[in-house]
Amino acid sequence: MTSKFLVVFKKEFRESLRDKRSLGLLALFTLMYPVLLGVLLHQWIDRATKPEREGIVLAVIGGAQAPTLMAQLKQKNVTVRDTPPMDEAAIGDLLRAHKAAAVLRLPGKYASDYAAMRPARIELWFDSSTEQDGRRDVEDVLNAYGANIASARLLAHGVSPAALSPVQVQRYDTGTTAARSAGVIGGILGFLFFPAFICGLSAAVDSTAGERERRSLEVLMAQPVRTWELVAGKWLAAAALAVIGITLELMLAHAILSWMPLEEIGMSWRVGWGRLLLVCLASVPLSLFAAAMQIAVAMNARSFKEAQSVLSIVMLVPMLPGLAVSMLELKTASWMYLVPMLSNQTLLRETAKGGDIGFLPFVLTFLCSALAALAAVAFAAWRMKSERYVLAV
């Protein structure tokens, strides 16, 4: 039995390695997600470490009425550009041309209202469809300017500005950088497990629906080999590609995260190689489950194209629990380790926090996908015994 099983496995695995489409998917999804993750974090770090308020241009109409405000804007590295009066349409055209981050307009009554200690209106015009980092910086200066004026007026009337703040809240964050990073990076890392359903897809469909369409499956089933041996060989050949792809992908993502200066954005990545290997080991059954599900579904398709169309929809199902948990902002619970795909995402996120989670989550993650994979393989072996399947009727 073992020799027959190995013969089927070697035959299918060798043919998969010769298939440029299978190798292309393996290489693409092994490199794509880690590289995208690295590019995303690099841009994040670059924005966080660039000179503060670099290149902000603010068009000001009527700025001569508030020289103190203009001085504060210049102190905050905001380039103030005096602009003649213009109507709403002209302001819109100016912003759409990206000649200024925002337009600050002081009405003609600003000086009189300010002198009379009435609320002096300041208009801030911006285009919400463009990047608004500059506009937020200007708003911070305006808020600080208003707070300083209010404090000065209170002191002039013999009232301490502290009277407006009867309660002072001091915040102390006891969360570690690893725990904070796990919440942000963990959501991104969840997509690293999706290639388990992609890397072996081409091999799984080609070895079932493809061979039946080419009539080569009849010759294979005429050999002295049991149906479960045929299914198991095809199953593990497709799963081997997924295991290789997801293991290399996790290792590459780990290398990128360990190399990047995440401390610049208040994050850290403290997952060691030992823990990473345990995560990779726990993700092996996910690849086995993905390949088994794909083979079981492809067997019920009447053609190669139908199998690909159905599987493109079925592959989205394992992602739904993870999306639901993320949208509902649910806390980590034990039941999450009993759902394939979600269990792997939860395990990696909790491991990234740096705490000791024990071995039970690893065991549950391993078993939930392994049992689902065995059930799918058993169904596929039973399905292959039917003549209706072989004849595609």
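Geometric assessment of R153 against the ring of Y114 yields a positive cation-pi assignment under the 6.0 Å and 45° thresholds.
Here the CG-CD1 distance, from D127 to I91, works out to 12.5 Å after rounding to the nearest 0.5 Å. A distance of 10.0 Å separates CG of L311 from CD of E306, quoted to the nearest 0.5 Å. For the atom pair L278 CG and T365 OG1, the distance stands at 11.0 Å (nearest 0.5 Å). Atom NE2 of H42 is separated from atom CD1 of I256 by 12.5 Å, given to the nearest 0.5 angstrom. If you take CZ on R105 and CG on L124, they are separated by 11.5 Å, rounding to the nearest 0.5 Å. The CZ atom of F193 lies 11.0 Å from the CG atom of L342; values are rounded to the nearest 0.5 Å.
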field: Verdict with supporting geometry, Y337 and V363, side-chain contact (heavy atoms from CB on, under 4.5 Å)
entry: CA-CA 9 Å; Y337 296 106; V363 175; over 6 Å; no
message: side-chain contact (heavy atoms from CB on, under 4.5 Å) for M86 and D93? Distances and angles first, verdict last.
response: CA-CA 11 Å; M86 57 179 61; D93 294 338; over 6 Å; no
- prompt: Can F362 and L281 be said to form a side-chain contact (heavy atoms from CB on, under 4.5 Å), step by step?
  reply: CA-CA 9 Å; F362 290 92; L281 180 62; over 6 Å; no
query: V103 and T83: side-chain contact (heavy atoms from CB on, under 4.5 Å), yes or no, with the steps?
result: CA-CA 9 Å; V103 176; T83 306; over 6 Å; no
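Cluster membership for L367 and L360, using ILVMFWY side-chain heavy atoms within less than 4.5 angstrom, is not shared.
In this structure the side chain of M251 reaches within 4.5 angstrom of the side chain of L276, judged on heavy atoms.
Proximity of a side-chain donor or acceptor of R81 to a complementary backbone N or O of K99 within less than 3.5 Å is detected. The backbone N or O of A27 lies less than 3.5 Å from no partner atom in the side chain of T30, so there is not a single donor-acceptor pair.
Residue R121 places its CZ atom among 12 or fewer non-hydrogen atoms of other residues, nucleotides or ligands, all under 6.0 Å distant.
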